Amino acid sequence: MSKHFLSDQLARWYIQFQQFKILCIPQKAIKGQALTYFLANNLIPIYWDLTDELPDEDAMVIEVQAPWKMYFNGVAHRGGAGASVVFVTSQGEFLPYSFTLTQLCSNNVAEYQALIHGLAMAVEINQLQLQVFGDSQLVINQFLCSYEVKKPELRPSHDYAKKLMGWVSDMTIQHVPRKENKKADVLGTLASSLTLPDQAQVTICQNWGVPPPNEVEGKGNELKHLVAVSEAEKEEWR
């Protein structure tokens, strides 16, 4: 159209095209023309009825589950040290765990040990959305960068816990009062008190010491032990 001399046919087309605003788009702008190229190469048959209803609507629904919650606590005294972790799933189920620490340590180190055990378990089960709660202001504020890690005995645990946090894609950590961390507090205290030799495992059973009235006297009256001690075995806890 920029030629000074046009043939009769081109001149007639030129007069017709003057009513439109025509722009030249270079070939490198392929991304902007991707949709038009796709429609041009994939024509819709005439007999197809256009509809906005999707046949597989269930497949287009994405369910966003709430993250798990993790409460941790560590207890240390002269007789021993223990750590505990309580997971609360997105369905509201409680998963309590307690550990007897094999080395005597300070209470802050025990808190770090509880946090490390909980994070390692979360990474092991591939639970990468986690809300962590603890009642130790020192540990929580050190991860929130409000406090500095000054004591040398806390540095290895802090660095390792921070490394585990890097493996969790979506995680928040928050301080809670001790009354909101009762389950983990009780489990930690129990684990620190049950320091037994040879890594023995203590199983707590729920039972009542009096037989039911319908049982014959003298039969079946043996009382079950409330606390049973057994060897700790490595088994698939999941």
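These values consider heavy atoms only, across backbone and side chains, with no hydrogens, waters or symmetry-generated copies. What you are looking at is a predicted structure, and each value in this text was computed from that prediction instead of being measured.
Classification of the Y112-H158 ring pair by plane angle, with boundaries at 30° and 60°, yields perpendicular.
Taking every heavy atom of both residues into account, P156 and P152 meet most closely at CD-O, 3.2 Å. Contact record, L104 with R78: CD2-O, 4.0 Å, taken as the closest heavy-atom pair. The minimum heavy-atom distance between A110 and A76, with the atom names listed, is CB-CB, 4.2 Å. In terms of heavy-atom proximity, S84 sits nearest to A114 at O-CB, 3.8 Å.
The distance from the CD atom of E148 to the CG atom of L154 is 13.0 Å, given to the nearest 0.5 Å. With rounding to the nearest 0.5 Å, the separation of CD in Q142 from CG in L144 is 10.5 Å. Expressed to the nearest 0.5 Å, how far CD of Q16 lies from OH of Y14 amounts to 13.0 Å.
Under a 3.5 Å cut-off, the side chain of Q127 and the backbone N or O of Q129 do form a donor-acceptor pair. Of the possible donor and acceptor atoms, none in the side chain of S157 sits under 3.5 Å from a partner among the backbone N and O of V109.
Linking Ile, Leu, Val, Met, Phe, Trp and Tyr whenever their side-chain heavy atoms come within less than 4.5 Å leaves V186 and V75 in two separate clusters. I116 is connected to I140 through a chain of hydrophobic side-chain contacts under 4.5 Å among Ile, Leu, Val, Met, Phe, Trp and Tyr, so both are in one cluster. Connection of F133 to L138 is not established within any shared hydrophobic cluster, with ILVMFWY side chains joined at heavy-atom distances below 4.5 Å, either directly or through further cluster members. Note on M171 and L95: same hydrophobic cluster, where clusters join Ile, Leu, Val, Met, Phe, Trp and Tyr whose side-chain heavy atoms are under 4.5 Å apart, directly or indirectly. F72 and Y147 fall within a single hydrophobic cluster, where Ile, Leu, Val, Met, Phe, Trp and Tyr are joined by side-chain heavy atoms under 4.5 Å apart, directly or via other members.
Atom CD of Q18 has more than 12 neighbouring heavy atoms from other residues, nucleotides or ligands inside a 6.0 Å radius. By the 6.0 Å contact criterion, CZ on F143 is enclosed, its count of non-hydrogen atoms from other residues, nucleotides or ligands being greater than 12. Within 6.0 Å of atom CD in Q103, 12 or fewer heavy atoms from other residues, nucleotides or ligands are found, so the atom counts as exposed in its surroundings.
Among residues at least two apart or in separate chains, there is no salt bridge (charged side-chain N to carboxylate O under 4.0 Å, His left out) pair with a member in residues 80-89. Sorted by first and then second residue, the pairs that involve residues 173-187 and meet side-chain hydrogen bond (donor to acceptor under 3.5 Å, both in side chains), not counting sequence neighbours, are N73-D185, D135-N181.
Between Y97 and L187 the shortest side-chain heavy-atom distance does not fall below 4.5 Å. Two residues are said to be in side-chain contact when any heavy atoms from C-beta on lie closer than 4.5 Å; V168 and V132 fail this criterion.
Using a cut-off of 4.0 Å between Lys/Arg side-chain N and Asp/Glu carboxylate O, D159 and R155 are scored as salt-bridged.
Of the residues L130, V88, V86, I173, the one that meets the side-chain contact (heavy atoms from CB on, under 4.5 Å) test with M70 is L130.
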- Query: Between F87 and M121, is a side chain to side chain contact (heavy atoms under 4.5 Å, CB included) present by the stated rule, with each step listed?
  - Reply: CA-CA 10 Å; F87 287 101; M121 294 170 65; 3.9 Å; yes
